[in-house]
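Okay, so here's the structure we're looking at.
Values below: every heavy atom of this structure, side chains too, minus hydrogens, waters and symmetry copies. Convention: sequence-line order gives letters A, B, ...; per-chain numbering from 1. Fair warning: this is a prediction, and the values are worked out from it, not measured in the lab.
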There are 2 protein chains.
Amino acid sequence: MATIHDVARHAGVSAATVSRVLNGRETVDPALAVRVQSAVSALGYRRNSVARNLRRRQTTLWAVLISDIENPFFTSLVRGVEDVGRSEGYSVVLCNTDEDTTKESEYIAACLADKMAGVIISPTSDTSDVSPLVEAGTAVVAIDRELSQVTLDTVLVDNEGGAEQATRHLAERGYRRIACITGPRRTSTAIRRLRGYQRAIKATGLTADKSLIRHADFREAGGYAAMAALLDEDVRPDAVFAANNLMTVGALECLVDRGLTVPDDVGVVGFDDIPWARLARPSLTTVGQPTYEMGKSAAQLLSGRIATPGRPATRVTLQTELHIRESTNRPPA
Amino acid sequence: MATIHDVARHAGVSAATVSRVLNGRETVDPALAVRVQSAVSALGYRRNSVARNLRRRQTTLWAVLISDIENPFFTSLVRGVEDVGRSEGYSVVLCNTDEDTTKESEYIAACLADKMAGVIISPTSDTSDVSPLVEAGTAVVAIDRELSQVTLDTVLVDNEGGAEQATRHLAERGYRRIACITGPRRTSTAIRRLRGYQRAIKATGLTADKSLIRHADFREAGGYAAMAALLDEDVRPDAVFAANNLMTVGALECLVDRGLTVPDDVGVVGFDDIPWARLARPSLTTVGQPTYEMGKSAAQLLSGRIATPGRPATRVTLQTELHIRESTNRPPA
DNA sequence: ATGAAAGCGCTAACAA
DNA sequence: TTGTTAGCGCTTTCAT
């Protein structure tokens, strides 16, 4: 591998000049610049970013820590981050924490060791410890879920509002025994979506029944199991609000397996859109989130924080949108 | 940030000793090791990987270059890579080329600059140029698609066989005018899957008609447009084989929009499974691929090549599996 | 078993 | 504008 010194020798200039040409900051005599360029291509020189990063004491890398790479919600969000990041000269690296606190802290340590310029994290838990990053002065933005210990730039949707709207919609369609399958207690989204559900139950005058509420793991199997448990109760629910996309799918599969019809026997609303929702039968009523925009906002916050480390933390809250489809299509009471 | 020298000073030993303790290779006096460890935690020392990688002239990073991060086929494959990589001490970094040759070559350059220990690539084209990596001695493995210019370790499925089986299945179910929506000509998978389709058409004695073959872009919109074009022909097909998951979805949506019934009016088989296939109505007959295994195999090949750079290139071909569901469910002729 | 010293390839001060 | 020099933080000879 050719180094800058090889290029310098070949072009008959100093290493500093080669560096100047390559980085295009300072002005260099055009004739020299040309000689450097041709030496670069003659030798097939390629910059060693590792050395560069060490010397500059910074990288142009962003890490995105998400909890499930197979969940379309996260991949779409990553696209938003990527587009902004690339346009500002950053490379975006994906890390899959798998809802696993251990993996998460390993990745946080790695981000530190690798001197990431910025980190966007969807924490596995409200109490995830990002303090090593914060203390080291790394720019951090939380997305989708909040962190309780520290005040960070954060991008969220109106989880309570979205959940309330979804639940109200079920009530308006005449469903009376509405269940809620929410996520793990350790995540802010699960808590807030449950709260929105509860608010709607109260507002519509339906009886709140604790046995209608289940906490699952935001995964398909968890949604399936929670639905099964709800159906095994003495009085089964006639509708269910599921707090994320995968659990909705699980719940639906359970209903199919039990021979129950949606929306006639049971109405279903999910949080998060599902790709190819048009193909599912019945098509699914969902609380849609602006995933791409969320990623984009987070990236913009990160970029801003890198530029101005001391600025106060911002919280961006985006709106959800209820997409009414067939799974709640029962005539109003 | 504390450095190794700070730790050394604090523990009253040399930097070399700290390094030895931290890397656990050579033997160090247990008493010293303890002093080093406590100095490490006292100072909150964290390794600087950038410096380490520069000095060691190698990293423990793998890059995976995939063409669509939102395609579940690729994300599932990445899981396989990740699991093997992590178990061997590598961090896996994802790069999204977006079927864009420019992005792809930028990422290849970045892999080189960042001194990646290995690269797993699903090339955007048969003629994608990975030679910079190969020449620099970086371990490279191709996955899902072949490269024509160079001989690399490669993980594929039996694309021709899978496509032939799918097409034969349609013929056996009594479909007579079977169309094929395949991918871009520049990708080996598109070519091979088309070839398998053609082989089956010939073998079953159906008439081969060029107007039944369409090349699209492996995306949903492309599949939709190709299906629309097929339906606009004078004689419309009574079945379609689509060469990947997203195009299958597009084709199906087109059929729905045109008011055609699957499988009665048109039979459909897709290549690649589709998540939540059970929810789609009709459920989809697909050529399933062992995605996780593919990722795992690629990772094992990569690991082997890093260990033994000179060894001859291996090609792993995994089998596909036809999953017969409702979308081809027409009684045999 | 331990320490001293060199240097990975680059960029940023500083001098000229 | 250009060149000289030092050093980012680490690992690895080589001596001891």
Side-chain angles (χ1 to χ4, degrees), chain A residues 1-37 39-40 43-61 89 109-110 112-117 136-137, chain B residues 1-37 39-40 43-61 89 109-117 136-138:
Chain A
M1 265 298 62
T3 70
I4 275 204
H5 277 92
D6 300 329
V7 174
R9 204 169 308 126
H10 193 276
V13 298
S14 72
T17 298
V18 175
S19 174
R20 286 191 263 258
V21 171
L22 260 35
N23 294 301
R25 275 257 166 259
E26 304 168 52
T27 27
V28 176
D29 184 290
L32 281 195
V34 169
R35 265 160 57 201
V36 169
Q37 291 294 7
V40 163
L43 299 178
Y45 168 79
R46 289 169 188 282
R47 159 189 294 160
N48 181 331
S49 298
V50 180
R52 180 175 209 248
N53 291 339
L54 174 60
R55 175 60 235 228
R56 302 184 62 187
R57 302 149 135 263
Q58 56 170 295
T59 67
T60 53
L61 288 175
L112 229 34
D114 290 332
K115 305 291 175 212
M116 293 289 167
Chain B
M1 268 296 64
T3 71
I4 274 203
H5 278 92
D6 300 329
V7 175
R9 204 169 307 128
H10 194 275
V13 297
S14 72
T17 297
V18 176
S19 175
R20 285 191 262 257
V21 172
L22 259 34
N23 294 300
R25 276 253 168 260
E26 304 169 52
T27 28
V28 176
D29 184 293
L32 281 195
V34 168
R35 264 158 60 201
V36 169
Q37 291 294 6
V40 163
L43 299 177
Y45 169 80
R46 289 170 188 281
R47 158 190 293 160
N48 180 332
S49 297
V50 180
R52 178 174 211 247
N53 292 339
L54 174 61
R55 173 62 233 229
R56 303 185 61 186
R57 300 152 135 260
Q58 56 170 296
T59 67
T60 53
L61 288 174
C111 286
L112 230 33
D114 291 332
K115 306 290 174 211
M116 292 289 166
T138 306

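Distance CD/Q37(A) to OH/Y45(A): 11.5 Å, rounded to 0.5 Å. Note that CG of D6(A) and CZ of R9(A) are 5.0 Å apart. Values are rounded to the nearest 0.5 Å. The structure places OG1 of T138(B) at 12.0 Å from CD of Q58(B), a figure rounded to the nearest 0.5 Å. One distance of note links OG of S14(A) with NE2 of H5(A); it measures 8.5 Å at 0.5 Å rounding.
Counting heavy atoms from C-beta on, the side chains of V28(B) and T17(B) come closer than 4.5 Å.
Residues of residues 21-32 of chain A having a heavy atom closer than 4.0 Å to DNA chain C, listed by number: N23(A). A heavy-atom distance below 4.0 Å to DNA chain D is reached by these residues of residues 51-61 of chain B, ordered by number: A51(B), R52(B), R55(B), R56(B). Against DNA chain C, the stretch residues 10-19 of chain B makes heavy-atom approaches under 4.0 Å through V13(B), S14(B), A16(B), T17(B).
Checked against side chain to side chain contact (heavy atoms under 4.5 Å, CB included), A51(B) has the following partners two or more places apart in sequence or in another chain: L54(A), N48(B). T59(B) pairs by the side chain to side chain donor-acceptor pair (under 3.5 Å) definition with nothing, not counting sequence neighbours. Residues satisfying the side chain to side chain donor-acceptor pair (under 3.5 Å) criterion with N23(B), sequence neighbours excluded, are S19(B), R47(B), R52(B). Shown here are the side chain to side chain contact (heavy atoms under 4.5 Å, CB included) partners of R57(A), two or more places apart in sequence or in another chain: there are none. With sequence neighbours excluded, no residue forms a salt bridge (charged side-chain N to carboxylate O under 4.0 Å, His left out) with D29(A). Every residue two or more places apart in sequence or in another chain was checked for a salt bridge (charged side-chain N to carboxylate O under 4.0 Å, His left out) with R55(A), and none qualifies. Residues forming a side chain to side chain donor-acceptor pair (under 3.5 Å) with T60(B) (at least two apart in sequence, or on another chain): none.
Nearest-nucleotide mapping onto DNA chain C: of R20(A) and I4(A), the residue sitting toward the 5' end is I4(A).
Chain B approaches DNA chain C over the interval dA1(C) to dG9(C), counting the first and last nucleotide 5' to 3' with an atom under 4.0 Å from its heavy atoms.
Taking the screw axis at each terminus of the helix from dA1(C)-dT16(D) to dA16(C)-dT1(D) from five consecutive base pairs, the angle between the two is 40° to within rounding of 10 degrees.
Taking all atoms of both residues into account, the shortest heavy-atom contact from H10(B) to A39(B) is ND1-CB, 3.5 Å.
Distance alone, capped at 3.5 Å, places no donor-acceptor pair between the R46(A) side chain and the A113(B) backbone.
For D114(A) and dC10(D), the CG to P distance is 13 Å, given to the nearest whole Å. The CE atom of M1(B) sits 10 Å away from the P atom of dC10(D) (whole-angstrom rounding).
Of the candidates V18(A), V40(A), V36(A), V18(A) is the only one forming a side chain to side chain contact (heavy atoms under 4.5 Å, CB included) with I4(A).
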